[in-house]
Amino acid sequence: FAASIISFNGPAGEAYIGKFIKGIKNTAKLKGYDIKVYENQFNQAEQDQQVQQVLAAGQLPDVFIWWPSDAVAGLGSLRALHKTGVPVLKINQLPNEQDKQYIFGYAGPDDRLRARNAGYMMREAAAAKKAAGGEGFNVLALSYPHSYGGYSLSINAFKEAIAGSDLKIIGDVDEGFGQANGYKGAAKMISKLKDQGIHFVYGMDDAILTGGIKALEEAGYKMGTDVIAVGTVCNGDKQLIEEGKQFGTTLQSPLHEGQLAIKMVEEYLSTGKLANYINFTPNPSVTKETIATTALRGFDGKLYSIEELCSGAW
Amino acid sequence: MFEKTKKWLTGNPDLAFAMLLACCVYGYFAITNEYFMTGRTTFAIMERFAVLGLVGLALTLCIIAGEIDLSIGSNAALAAVIVVRFTDSLGAPTALLIAVLISTSIGIIQGYFIAYLRIRAIVLTVGTLMLLRGVALFVAEEKTVMLTDFRIPDFITTKYFYYFSPASILVILVFMLVGFFMSYTRYGREIYAIGGARKEALASGIDLKRPMIIVFAISGFCAGLGGVIIGLRSGTAQALGLQYLLLAGTVAAFIGGVSILGGRGGVIGAIIGTLTVNFLNTGLVFNVTPAFLVQLYLGILLVIVIMFQTGSRIFDQSQKRRQLLSDVDLRRLDLLSRKHKYQKPP
Amino acid sequence: MSTGSSISGGSAKLNFLDKIIRDYSGLAIIMVAIFLFVFLYGMITAPNFLTIFNLKTIVRDAALVGIMAIGLTFVTLSGNFFLLSMKETAALCIIAFATGMSYGWGFELSFLFTMCFALVAGIFQGALIGLGGNPIVVTLGAAGVLYGLGAYWSDNLVVSYRRPHGAEWLGTGSFLGLPNITVAFILIAISAELVLRKTNFGRQVYLIGANRAAGKATGHENFSMAIKVCTIASVCSAFVAIAFSAQVSSAQVNYFSSEFGSSGDMTIMVIATVMVGGNSIMGGYGSTMRSSLGAIFISSIDNMMVLHGFNSGPRVFAVGLMIVFSIIVFALVRRGSRTEE
Amino acid sequence: MEPLLELSNINRSFSAIDALRSVDFSIFPGEVMGLVGENGAGKSTLVKIISGFDNEYTGSLKLNNKETRFSSPGKAEKMGIAIAQQELSLIPTMSVAENIFLTGDVAPVFATKTALVMKAKDYLSEVGLDYLDPYLLVDRLSVGEQHLVEVARLIAHDPQILILDEPTAALGESDSIRILDMVKRLSDRGKSIIYVSHRLDEIFKICDRITVLRDGKSIDALPISELDVNGLVEIMLGRELKNMFPSRNKKVKGEPLIKIKNLWPDGLLQPVEFEIYAGEILGLAGQLGSGSGEVLAAIAGAHKSRSGTLEFGDLVFLPRSPKEAIEAKIAYCSEDRKYDGLFLGRPIIENISSPSLKSISKFGVRSTRAEKELSQDISAKFTVDASRLTSEAGVLSGGNQQKVALGKWLSINPKIILVNEPTRGVDVGARAEIYQKLRDLAEQGSAIVIASTDIQEITNLPDRVISFYRGAMINEIKLEDMSAIKILSSITDPYSETSMQKEEN
Ligand SMILES: Nc1ncnc2c1ncn2[C@@H]1O[C@H](COP(=O)(O)OP(=O)(O)OP(=O)(O)O)[C@@H](O)[C@H]1O
Ligand SMILES: Nc1ncnc2c1ncn2[C@@H]1O[C@H](COP(=O)(O)OP(=O)(O)OP(=O)(O)O)[C@@H](O)[C@H]1O
Ligand SMILES: [Mg+2]
Ligand SMILES: [Mg+2]
């Protein structure tokens, strides 16, 4: 093998990570790298143990790829990896100030970019609604748990993007990740905000939003006309966009992320450093109109359709 | 010597089987993976043991007392959050003390309520499981908390005597203390008594409060210490973390051969059970096994243990019956001969 | 006996409230009073809490956990403690159902296919428990195996199927203004209660739960009972899995681990629900109605907190507090009855 | 002389029930005080107060003339009061030695198992168990041995006052004698003993004075010399007891209802064979461990047998579970109603209908009316208050519980009713009722088999007796030969082993 890589990441059981692993493994194979993937069950303590054990085995790779279960909580293990002298690439969770001394770069999505694009998308939709004489611009946000690092990045970027428009956030609920929690959170907020009127919904990711849309429909809202929903990540239900129930999403492909990680490793191994310290995956917007035609070129040079790029029920 | 071993084996079949299982798991990985039987791996296993062992110990004690503490993961998370949050401002020893004290007190309070209300621990702790998560979220201000100074994590993961770290040495000490406590003190015997036969123990004058409070205090202490070790080792802590501890600890306790009926089992079993789980976990990590398969293997391990325990119970029963019948046969011969000799004609 | 009937014969005639005042400590009464005060205060001040729409939301919210709790209640009442494999059964079943649907088998066939898994899981666990295996250990082991099978089968990926499909009516349809899942919850709650009260099977559940040895002596064996109740619990899990899958048109093994409540997993929620209803964990005392109400109670607390604008953190705390609280109150109340423990 | 312990004006009520009403009680050093009274008279409540298990009473308790109040059993024990409660309180999963040193001041805070064993040996030999290995787990011991271990545990505390609450209720004759001997030995050494029992013969054998409780009130303690059995019963009941036992069925007629062939229950030395006739009450006499109970249980499918068949009409079978026996209309009450006779936490009505759910339901759905009728019918027959049918069986007194445990079997119209210890722990009044009921049932054509260790009962109730001794069936005693002496000799020493031993020496 040209080089060996060890990647620490979440469980393949999670749809997004499942695709990511596929991306990283296939690309590594293409490049002739030997890669080992250690999964943990969304559990920082478990991941810490894994790191220890892998280090204990004493078989050091040429590069570590590090996706901490929790951006902040993974710091201890990151230090341990760094101490071995093997370069570390951080992925998925944007590095903070403390991380920087231990990694040679970052590859992965940008929560802010993703949220900002969603904000812009909603802004356009609002403008169109206004032009058509529509009224009501109240936004309900279906959020990640507020304790989760991605929450503040996402909500702030989204707020920035809609600042100055007619849109106004009137509710923000953080029931939890996933469709079931999205449904529950939205259902409660509908009770609360029904009188004020809900006209737009922002889902911090599409899985949450998918649940939220079910709740809205059950409450009698007509999606797409009464309420306009915008999500991100494309890990929810694709059919909702095709049917026009969800206005759009900003695509974030796990497949891409995996490929990008390998690309950065390749760049580092050949040049000894990265041209850009931070490397983001693109976040194109997808709507009903563009969903059939959207495709992205992967880092292996192939063109991937949205079906292949996204996680969730796509 | 041989006789003694045999007697011990028949007296503690569950423990013997646990040992056998541990050896099998270790042996399997030692043979299939060249790095498994090395000092560094042993160190890693001991590091895992430091946390899981504590939880396994706590749950073993609870199960001996005929109860189960579901709140153990939440309690550990709370301790982790507290210690990480306050180490920077108060220094590690103080923060550590506070965290462990709080966890122990939570255990004491739970034990008190369980004894006072005469309810099953599982009933109360299913509530405190959630309650303590809420408290931990509150303490952590719903964020992941983190140290700024990483000398403490470095210290507690330094190697001593090839295989140990300060953390695992501390845990081994805890094990020895608790083991001594359980088998040689009166209070330990009380715990066995309320687990073996609750009603009888109360009737013989044991005050339920003391053993209950002790058990849950130890459980709280172990959870707290476990949480502190995890928190300080990684330098960070999450209020919603450590949920896996409960399940892993329970599995470890059962694999260690503790009887769910209470009153039987011990610290040795807790050690063996935890080590078995650790061997499996570590071995699977070495073989780069996907996470979901770990659950499957643990499930299978448990099923094997259940099969064995059920089998040994059935065997025991049939053994008892055979013993009874052969006793009867002996007595019959004896009686018949006398009857023949001495029965007066009617 | 002639002189022994000096014990008051009328205790059965007193109603619940009188009984509390007569038998129970001031502590219990004060706690209930505080609780009622806080609850009523929260109810009145929460915006839109007391609307029909919100009440429907609360019941709908309680439905999935409630259905599972009803299933588990049978196990608990019959003295067989708990199944710790509720969510893993659901995990395997949701994969089975979605796989069926994605093969285009249609709702009915997929439903039956799924139920086969639930039956096998229930019968297998029940038989082990009936043979004398401890419920906690047996189901802990079964949990690992069931989850592992589900993950292995689905290759740990999302199994999805496209709308329109035959299960939509269950997942997203409604009847007389109530979502069908709510309707199912209500129907299941009522029929479970009827089964418990009116049928021989229900009576056997109580009898065996109250005293297993006496049950055996009067011809009611726990072996078949354990199989039956475990099967009921598994079938309820499977039904929840199907309903949930029908709602989101997809399935994944992790749906029941991470997606129900940020505070713990589904199994713990279900157990908490059974406990909050005040069912006796040792069996023989309680009802499925209590569990259903427990589910609604928990979801209404949560709902009220959301309406007051609390984040998930305080909500976890409050729900935990309420659970502990009601457990303590029930324990205090129950101490008046001599046969507890 | 000053009384060692003196209670005066003790009141204790359980919400609506006044268990004790201004009770006075005293005991002198070295005295054996009998405490008697009907079921529910308050005996257990009183001794629980004395021993610190119950602290919610009013009144004064003086020990050595000092006013005290025990807040916990531990406190009472420190002051030299030890109690053996009605139920055994040994931990079956622990060894004999550990059990002896479980609680109290004598339990060392630190000790190895061996140290405990060494210490235990003395106390064991004091109760006559010197042959016992103290390492043994308690669940390997016989019931009699367990009771003695329990007493050894109390003696280890070196109490001033020893309370025994019905210690012999579950014991056979020879184990009882061991206990009585021990009581005598202790009182000779100056200990005071409070002895609670329903067995009046024992009371008369060992007590110096007797305190009677009636309906929660105490009646002044009387020296034994001023009392005889009938007088005592009169005081207990507040009325005179007529003949407790119903008159008997002189001749049993016709074919046997059931033939027991070659039945060899586990624990018996030999197979047994006998016949049971409709309309009779058959008694199986024998002490604990004689195997009479096992025979009953084996017929009912509740105990394993090596071999055997029942020839029951056309049916030739051996039930493998109680269920099969019930289907064949064989009813069986074990000797321990709390263990498997009653669902204490369920309403009485459910207890009564529990064996016959099938007959009162259609397609598995129960008819509420049929159930009500059935249970009212049965409760009327057994004089259980019908208005209490919906309350839990657990709140009934021992006697009423026994009536329910027995009466529930009427719902299956049994052809054979097997009762082990029909009146264990049941007071005199309820006893007579139960005897009458059994007789009525026999008269109506059922076959009744009772097994009993109570010699009065077994001589006066049955029409025919089969005696058992140490796992062997000895002989059948016809009505005309029945006398206490004869039965006693055939269940205690049928082979004249005592004389045999003499010869051997
Ligand atoms: N825990 C309790 N709760 C309510 N009432 C009780 C309780 N214990 C006893 N009683 C009442 O006290 C009375 C006396 O009971 P106690 O157990 O002392 O009777 P006893 O004389 O020991 O009867 P027995 O001969 O059956 O053992 C009973 O009639 C009963 O009504
Ligand atoms: N909590 C209680 N509530 C009401 N009555 C009680 C309670 N506890 C005990 N009793 C009453 O106390 C009396 C004796 O109770 P106990 O438990 O000693 O019965 P027992 O063991 O069956 O008596 P025995 O064996 O002497 O017949 C009964 O009359 C019973 O009804
Ligand atoms: Mg009694
Ligand atoms: Mg009594």
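Please read these numbers as outputs of a predicted model, since none were measured by experiment. The chains referred to below are lettered A, B, ... by the order of the sequence lines, with proteins before strands, and numbering in each begins at 1. Basis for what follows: all heavy atoms, side chains included, without hydrogens, waters or symmetry-related copies.
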Looking at Leu293(B), Leu261(B), Ile122(B), which makes the most heavy-atom pairs under 4.5 Å with chain C? Ile122(B)
Atom group of Ile306(B) that falls short of 4.5 Å from chain C, counting heavy atoms: side chain
With chain B, the option among Gly133(C), Gly132(C), Ala318(C) that has the most non-hydrogen atom pairs under 4.5 Å is Gly132(C)
Portion of Phe325(C) that has a non-hydrogen atom of chain B nearer than 4.5 angstrom: neither
Ser291(C)-Thr73(C) side chain donor-acceptor pair, cut-off 3.5 Å: yes
Do you know which of Leu137(B), Val251(B), Ile314(B), Val123(B) has the most heavy-atom pairs under 4.5 Å to chain C? Val123(B)
Output yes when a side-chain donor or acceptor of Tyr112(B) lies under 3.5 Å from a complementary backbone atom of Arg210(B), and no otherwise. no
Who among Glu142(B), Met307(B), Gln309(B) has the most heavy-atom pairs with chain C under 4.5 Å? Glu142(B)
Only pairs of heavy atoms separated by less than 4.5 Å count here; which of Gly313(C), Ser326(C), Ala142(C) has the most with chain B? Gly313(C)
Counting distance only, does the side-chain N/O of Asn80(C) pair as donor-acceptor with the main-chain N or O of Val75(C) below 3.5 Å? no
For side chain to side chain donor-acceptor pair (under 3.5 Å), just list the numbers for Tyr297(B) and Asn281(B), CA-CA rounded to whole Å, side-chain angles, deciding distance to a tenth of an Å, and then say yes or no. CA-CA 9 Å; Tyr297(B) 287 124; Asn281(B) 265 324; over 6 Å; no
Contact winner vs chain C - Leu70(B), Ile68(B), Leu131(B), heavy-atom pairs under 4.5 Å: Leu131(B)
Which bit of Phe113(B) is near chain C, if near means a heavy-atom gap under 4.5 Å: side chain, backbone, both or neither? side chain
Does any donor atom in the side chain of Thr125(B) or Gln110(B) lie under 3.5 Å from an acceptor atom in the other side chain? no
Between Leu146(C) and chain B, with a heavy-atom cut-off of 4.5 Å, which part of the residue counts as in contact: side chain, backbone, both or neither? neither
Could you look at Phe254(B) and say if it's the side chain, the backbone, both or neither that has a heavy atom under 4.5 Å from chain C? side chain
Is there side-chain contact between Leu202(B) and Arg118(B), with at least one heavy-atom pair below 4.5 Å? yes
Basic-acidic side-chain contact under 4.0 Å: Glu67(B), Arg198(B): yes
Heavy-atom distances under 4.5 Å only: say whether Ile327(C) touches chain B with side chain, backbone, both or neither. side chain
Using the ring centroid of each side chain, check whether Phe297(C) and Phe35(C) are separated by less than 6.0 Å. yes
